[in-house]
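Comments concern the structure below.
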Amino acid sequence: MSPPSSEPRVVEDIRGLVQLMSDGTVRRSADPASFPVVDADDTDGDGDGDDGSGVEWKDVTWEREHDLNARLYRPRHLGAANDARIPVVAYFHGGGAGGGFFCLGSGRWPGPHGWCLRLAAELPAVVLSFDYRLAPEHRLPAAQEDGEEAMAWLRAHAAHDPWLADAADFARVFVAGASAGGNIAHHVVARFGKTGLGPPVRIRGSVLLTPAMAGAARTRAEAAPPDPNAALTTDMIDRYARLFLPPGATRDHPAINLSGPEAPALGAVATPPLLVVAAERDVLRDRHAQYARRIKEGWGKEVEYAELAGVGHGFSEADDPWTPRADELVRLVRRFVVAHMDAE
């Protein structure tokens, strides 16, 4: 009889892109086609500018220990006035239309990149798109901690990087994100409120696009038979949770159940207004509605809630950022930013 194999076996598998092995190691696909990125041709502040968007960008490393990058965007033409500085959007990516739930994603992927180009051009705004550590190599709350550290980086560079300071009004900052990034945006405003970062930064609002959430008790949508065409299902969320939750934690962990029984109350936090955007075909739509109600009725905060028809989880970071629903979302976000960028 041959001896048993000592080769590690696959314990969890995310579409062949990320595999957790029985010995605790993690294998990520080395195929560049699995993780396509939009490269910046230079990093000297000129951006590549070849896409006709009217937006320039550059890449920086904002955290060196873990080699975390940020992509910074600004409109090329800010107007005739030399002091015409514009709002800032601190953005945290998701993992694409399938969710990714803290295990996949980069701000340099085509979906987040295209969405940030639209935000920069059409709000208009200076957009800082931050990468963060991914699970299972770095389980929660690593991603949320990176979100907080990214905001500290933003504050430190607000006045010292001419590429930012010449265009950006850091007294009008909005924190935004999609899927896992929307979850991070929640934790950022819960941690800092409007003014916790200190001058010159003031957070005027937060935009949560189909934010990543979970809970031990199923919602009606989560308990229903899965939509065969859905980009994200309850089974997939459970699989992701086994990869991103700390050992022994349940789906009620406050890092992922944002309004659940273990979530810290926000009543005492001076949070800015929130825009929560849900999707009609998202298995998390009921949870998003519950979250918005808890924010407004339970904690007495200002929240705007919208559910967009005909789209699913993470739709804002789809590879085509020019769909009619994406147009609708840009208008919704722009209206929110204009309404709150000068409010006290």
Side-chain angles (χ1 to χ4, degrees), residues 14 17-21 23-30 32 34-35 37-40 42-45 57-73 88-95 100-109 112-113 116 126-161 163-165 168 170 173 175-192 196-198 201 203 212 240 243-247 249 253-256:
I14 303 298
L17 302 177
V18 180
Q19 294 178 327
L20 177 64
M21 311 305 293
D23 62 356
T25 59
V26 177
R27 294 178 180 174
R28 289 185 178 267
S29 172
S34 298
F35 303 106
V37 299
V38 178
D39 289 322
D42 59 31
T43 55
D44 62 4
W57 69 85
K58 70 173 183 176
D59 290 340
V60 301
T61 300
W62 76 265
E63 204 273 357
R64 296 194 178 279
E65 180 181 355
H66 299 101
D67 193 28
L68 298 178
N69 298 311
R71 179 160 287 183
L72 317 182
Y73 304 79
V88 175
V89 175
Y91 184 78
F92 299 95
H93 64 80
F101 263 59
F102 303 100
C103 298
L104 296 167
S106 166
R108 292 178 292 174
W109 281 15
H113 175 72
C116 288
V126 172
V127 179
L128 297 87
S129 177
F130 292 100
D131 282 353
Y132 48 87
R133 286 173 290 171
L134 299 176
E137 297 94 328
H138 305 281
R139 292 175 180 261
L140 301 188
Q144 289 89 354
E145 292 169 351
D146 288 345
E148 295 175 10
E149 289 298 320
M151 297 303 294
W153 183 94
L154 178 152
R155 180 182 180 275
H157 286 74
H160 304 298
D161 184 342
W163 202 91
L164 294 173
F170 286 94
V173 173
V175 184
S179 190
N183 175 296
I184 293 171
H186 162 91
H187 285 281
V188 165
V189 298
R191 168 67 175 83
F192 295 114
L197 279 162
V201 176
I203 299 176
Y240 284 127
L243 293 172
F244 66 65
L245 284 174
H253 190 286
I256 192 65

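Source: prediction; values computed, not measured.
- Atoms OH and CG, on Y91 and L128 in that order, are 13.5 Å from each other to the nearest 0.5 Å.
- Here the closest non-hydrogen pair linking L243 and C103 is CB-SG, 3.8 Å.
- In this structure Q19 satisfies the side-chain hydrogen bond (donor to acceptor under 3.5 Å, both in side chains) test together with D13, sequence neighbours excluded.
- Partners of A152 under the side chain to side chain contact (heavy atoms under 4.5 Å, CB included) rule, at least two apart in sequence or in another chain, do not exist in this structure.
- The CZ atom of F130 sits 10.5 Å away from atom CG of L68, with the distance rounded to the nearest 0.5 Å.
- Partners of H157 according to the ring-ring contact (aromatic ring centres under 6.0 Å, His included) rule, which considers only residues two or more places apart in sequence or in another chain, are W153.
- R133 meets the side-chain hydrogen bond (donor to acceptor under 3.5 Å, both in side chains) test with D146; sequence neighbours excluded.
- You'll find the ring centres of Y132 and H66 outside the 6.0 Å limit.
- Between A185 and A176, the closest heavy-atom pair is CB-C, 4.0 Å.
- Partners of F244 by ring-ring contact (aromatic ring centres under 6.0 Å, His included), not counting sequence neighbours, listed by chain and number: F102.
- Evaluation of the salt bridge (charged side-chain N to carboxylate O under 4.0 Å, His left out) test over residues 177-190, restricted to residues two or more places apart or in two chains, returns none.
- Residue Y73 holds its OH atom at 4.5 Å from SG of C116, rounded to the nearest 0.5 Å.
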